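Not measured: the values here are computed from a predicted model.
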Amino acid sequence: MNSQVTIPQGEQKVTVELTVKQAMALTGLRFNQNPDLAADARRQLKKSLERTLLHSDNNKVHYHELNL
């Protein structure tokens, strides 16, 4: 079974500004004094990705365009 997924605009660059702590939290380091740090960083990444996809020419990624 081929599990490779092709995503339109998959090679487009996305720029996200994170703090050093946020980047470290995304690598798996735990900050006990701020357990929501990784979740906040993931939310920032998701927002940036959504903005990039919404501002693209197609405006949407259709399910039938993905090669599953």
Side-chain angles (χ1 to χ4, degrees):
M1 182 170 128
N2 187 358
S3 62
Q4 185 176 359
V5 177
T6 303
I7 299 174
Q9 301 107 8
E11 299 300 318
Q12 184 177 353
K13 304 266 186 213
V14 176
T15 303
V16 180
E17 190 170 323
L18 299 172
T19 65
V20 172
K21 285 183 179 180
Q22 287 174 321
M24 291 171 69
L26 287 177
T27 65
L29 188 66
R30 292 180 184 242
F31 289 88
N32 293 330
Q33 64 274 37
N34 192 354
D36 295 330
L37 198 59
D40 292 339
R42 281 192 298 273
R43 215 173 335 223
Q44 250 181 286
L45 283 171
K46 186 177 178 184
K47 248 197 242 184
S48 178
L49 184 59
E50 287 173 350
R51 270 193 306 260
T52 301
L53 291 175
L54 289 176
H55 288 69
S56 69
D57 294 343
N58 293 340
N59 289 339
K60 294 181 183 176
V61 176
H62 298 284
Y63 180 79
H64 66 276
E65 291 177 355
L66 299 175
N67 296 327
L68 301 176

At what distance, to the nearest 0.5 angstrom, does CZ of Arg42 lie from CG of Leu49? 14.5 Å
Atom pair CG/CG of Leu26 and Asp40 - distance to nearest 0.5 Å: 10.0 Å
Sidechain-backbone polar pair: Thr27 side chain, Met24 backbone, donor-acceptor under 3.5 Å: yes
Looking only at heavy atoms, what is the nearest atom pair of Glu17 and Gln44, with distance? O-NE2, 2.8 Å
Restricting to non-hydrogen atoms, name the atom on Val14 and the atom on Ser48 that form the minimum distance, rounded to 0.1 Å. CG1-OG, 3.2 Å
